[in-house]
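To start, the structure under review is shown below, and the notes come after it.
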Amino acid sequence: MANMIDILERKQLRDDLPDFKAGDTVRVHFQVIEGQRRRVQVFEGVVIKRQGAGVRETFTVRKNSFGVGVERTFPLHSPKIEQIELVADPSPARAGARAMTTRNRSF
């Protein structure tokens, strides 16, 4: 039974994704359905974390929108994600998740 589940999950994995890690700046093109219309919404920010494995793998992106920090978690292998663009690689000192949240905080 577990073997059949593994086979089905392997078929759903995407191979067109860029190699990114926590600390990288990415642009995620995500399909949004509003009533009968579908549109692509772009969410650009810093990857805070990646967690999970296989089909269940997710990643969290953080951005500042009008002075307010916004975080969104995306399933990595979702068919609703049209494209993930790697915008920039940060310096190694800024790769920690703690550095990302404290650097973008406004008091």
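In this chain, residues are counted from 1 in sequence order.
Remark: Asp19 CG is loosely packed, at most 12 non-hydrogen atoms of other residues, nucleotides or ligands lying under 6.0 Å away. A 6.0 Å sphere centred on CZ of Arg39 holds more than 12 heavy atoms belonging to other residues, nucleotides or ligands.
For Phe43 and Phe30, the ring centers sit 6.0 Å or farther from each other.
Side chains of Val28 and Val42 form no contact here, defined as non-hydrogen atoms less than 4.5 Å apart. Residues Val55 and Arg10 are not in side-chain contact: their nearest non-hydrogen atoms beyond the backbone lie 4.5 Å or more apart. Residues Val32 and Glu34 meet the side-chain proximity criterion, which asks for heavy atoms closer than 4.5 Å. Residues Asn64 and Val70 form no side-chain contact, since every pair of their non-hydrogen atoms from C-beta on lies 4.5 Å or further apart.
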task = I would like to know whether Val61 and Val46 meet side-chain contact (heavy atoms from CB on, under 4.5 Å); could you show each step before the answer?
result = CA-CA 5 Å; Val61 180; Val46 178; 6.0 Å; no
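Counting all heavy atoms, side chain and backbone alike, Ile81 lies closest to Arg14 at O-NH1, 2.6 Å.
A salt bridge does not link Glu44 to Lys63: none of the charged nitrogens lies less than 4.0 Å from a carboxylate oxygen.
In summary, the side chains of Thr60 and Thr73 do present a donor paired with an acceptor at a separation below 3.5 Å, with no hydrogens or angles considered. Side chains of Glu57 and Gln51: no donor on one and acceptor on the other come within 3.5 Å. Looking only at atom types and distance, the side chain of Glu85 has a donor-acceptor partner in the side chain of His29 under 3.5 Å away.
Between the CD1 atom in Ile84 and the CZ atom in Phe59 there is a gap of 4.0 Å [rounded to 0.5 Å]. In this structure, CG in Leu86 is found 12.0 Å from CG in Leu17, a value given to the nearest 0.5 Å. Atom CD1 of Ile7 is separated from atom CD of Gln12 by 12.5 Å, given to the nearest 0.5 angstrom. In this structure, CZ in Arg72 is found 14.0 Å from CD1 in Ile48, a value given to the nearest 0.5 Å. For the atom pair Leu76 CG and Thr58 OG1, the distance stands at 8.5 Å (nearest 0.5 Å).
Remark: side-chain polar atoms of Arg50 are paired, donor with acceptor, to backbone N or O of Phe20 under 3.5 angstrom. Arg56 places no side-chain N or O within 3.5 Å of a backbone atom of Pro75 that could act as its donor or acceptor partner.
Arg38 is linked by a salt bridge (Lys or Arg N to Asp or Glu O under 4.0 Å) to nothing, counting only residues two or more places apart in sequence or in another chain.
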